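Heads up, the thing below is written out as structure tokens.
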Protein chains: 2
Amino acid sequence: MKFEVTILGSSSATPIFNRNPTAQVLNINEKLYLVDCAEGTQQQMLRFDVKASRIDYIFISHLHGDHYLGLVGLLSSMHLNGRKKPLQLFCPPQLKEIIDLQLKYSETTLHYPIEYVFTSDEKRTVILDNQDIVVETIPLDHRIPTTGFLFTQKKRLRKLIKERIEELNIPVAFYSALKKGRDYEAPDGTIYKNDTLSIDSDAPKSYAYCSDTIYTEKYFEQIYGADLLYHEATFLHDMLDRANQTHHTTAWQAGDVALKNNIGKLIIGHFSARYKTLNELLDEAQSVFPNTELAVEGKTFVISE
Amino acid sequence: MKFEVTILGSSSATPIFNRNPTAQVLNINEKLYLVDCAEGTQQQMLRFDVKASRIDYIFISHLHGDHYLGLVGLLSSMHLNGRKKPLQLFCPPQLKEIIDLQLKYSETTLHYPIEYVFTSDEKRTVILDNQDIVVETIPLDHRIPTTGFLFTQKKRLRKLIKERIEELNIPVAFYSALKKGRDYEAPDGTIYKNDTLSIDSDAPKSYAYCSDTIYTEKYFEQIYGADLLYHEATFLHDMLDRANQTHHTTAWQAGDVALKNNIGKLIIGHFSARYKTLNELLDEAQSVFPNTELAVEGKTFVISE
């Protein structure tokens, strides 16, 4: 099952030419999930050929502008482009108030429903559970209530061993039960154990999105073993004081989070505009956790094929 | 006195790659005035080297997102970049409510004051009068309350005829009075008429900004004779019904407005995303009013040197 993330924006609040503030889009089994939606996200979607009409879920981590100021424009464009199907919006409850006020004064009544699911940084909570994915909030520690999001694939059904199925001439009507792990009893009464007829599907993969937060162990247990971790790395470690003061993380710390939590691969992002190039941030994180990459706009990271 | 306008965005609401929604910046005697501030305006300012720190006045025509959704991000960046000096914001009163709500939920207290001047589409009103410029609202006719803005240079002082001043050995102390039009009485009692000692300054130039509006004569008197007119031209004239229905103008109509009002030069903008290229819109406006140009992003139009 396809499970991948494309970076649409990688910078923090103050603008810098050619880097956009935070937004990402996940493709999970050909459905699109938008994670944060900073100003300019629509232009980035056009640039990287991400169709807004294919997005049914939007997740907003917190109400700093560099994570949501592109949302009202996107909602309006969906409306102008004739969207009718519902959109699920996972966000702090105050965002509804902001959206409603802006729609009110532009005298806009959206032609499609927004189904809100409000997040809270009080405790980890499953906020979405569909046929492909389970999404859980990751309570972070930032200046205002902020949650990351943990996306975990659903366990897929077992895969039939085609040759054995044909050899035994098992009727199609039994396939569904076999995929769920049931043994097969042939017409002559012979019992065939399931593990001789099917193999287990791949282990479910997971993606943890952590932005913005100070370095803290409070969410370590939750992200432990994630196949891919996106973690903010706003500053180099020589600016640790500034990171602590603004409740952000350094590149060294992001590497440390990945190392301590048995992460498969780390992506760092949310770079301060003070860094015109990003090599030093990458080097610093890689010095702790070698399998680190930069959140480069337009780049897609594959979590599972 | 320098008086020029640079286009930062030229498209209407639905996004299109490589065109940004509406924003413009005026340079009036080396002070910057921002007119509308759609999403992405900060990135456009970086692209065209417009320093946010030099902007002291921002004008918002109305509360459709494609005219103001970049504002909260810009205000936040000014704050993050250490701005202390006041900013004057000319806008519909509801915008203050929107800004205050967003600052509240991001727990941001700006380090500089915003001085609001609220606009109304009830009647034309002078909203700014400083040493360089007088700005008046232009009540337009759109779906929600909308005003354009008429920028008129202040009449400058007369220019001294240097050779005559030196020839007559007129003391510097008299210069200021001469520039204001006073005659000069020499020590021997001779009266020198002012127009033999100074020449009149250039006639004050004016720039009219009209976006968004249906075609209407209600503001014709106000923009009559403007040196430069920016007028929206969202559609080609074959979509007149759609223009009327959405309270927009066609390119043909924009040309007609310029022709009927003795305009020096016309700029058309606010193009619908349906037009991938803009030649037809330009041709149509020019068929009525030849001295028309397109609002191309990054292009500067000089109103006076």
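By convention in this document, chain letters (A, B, ...) are assigned in the order of the sequence lines, proteins followed by strands, and residues within each chain are numbered from 1. Please read these numbers as outputs of a predicted model, since none were measured by experiment.
Interface remark: of the candidates B/L80, B/L46, B/N18, B/N20, B/L46 forms the most heavy-atom pairs closer than 4.5 Å to chain A. Of the listed residues B/R143, B/H62, B/K104, B/R47, the one with more heavy-atom pairs under 4.5 angstrom with chain A than any other is B/R47. When each of A/G65, A/P145, A/G70 is checked for heavy-atom pairs under 4.5 Å with chain B, A/G70 comes out on top.
Residue contact with chain A, scored on non-hydrogen atoms closer than 4.5 Å, is absent for B/A273. Neither the backbone nor the side chain of B/D66 comes within less than 4.5 Å of any heavy atom in chain A. Within the 4.5 angstrom heavy-atom criterion, no atom of B/S76 approaches chain A. Using a 4.5 Å cut-off between heavy atoms, B/I16 touches chain A through its backbone atoms (N, CA, C, O) alone. Residue contact with chain A, scored on non-hydrogen atoms closer than 4.5 Å, is absent for B/T246.
The minimum heavy-atom distance linking B/L63 with A/S106 is given by the pair O-CB, 3.2 Å. Nearest heavy atoms, B/S77 versus A/A13: OG-O, 4.2 Å. The two residues A/E97 and B/L101 have their closest heavy-atom pair at OE2-CD1, 3.3 Å. Nearest heavy atoms, A/I98 versus B/Y105: CD1-CD1, 3.9 Å.
Few gaps surround NZ on A/K218; more than 12 heavy atoms of other groups in view lie less than 6.0 Å from it. Around atom NZ of A/K123, no more than 12 heavy atoms belonging to other residues, nucleotides or ligands sit under 6.0 Å away. No more than 12 heavy atoms of other residues, nucleotides or ligands sit less than 6.0 Å from atom CD of B/E280.
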Report task. Might you work through the side chain to side chain contact (heavy atoms under 4.5 Å, CB included) test for B/Q102 and A/L69, ending with a clear yes or no? Result -> CA-CA 10 Å; B/Q102 294 187 268; A/L69 286 179; 3.3 Å; yes
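In this structure, the separation between CD on B/Q43 and CD on A/Q43 is 10.0 Å, given to the nearest 0.5 Å. B/Q42 contributes atom CD, which lies 5.5 Å from atom CD of A/E39 (distance to the nearest 0.5 angstrom).
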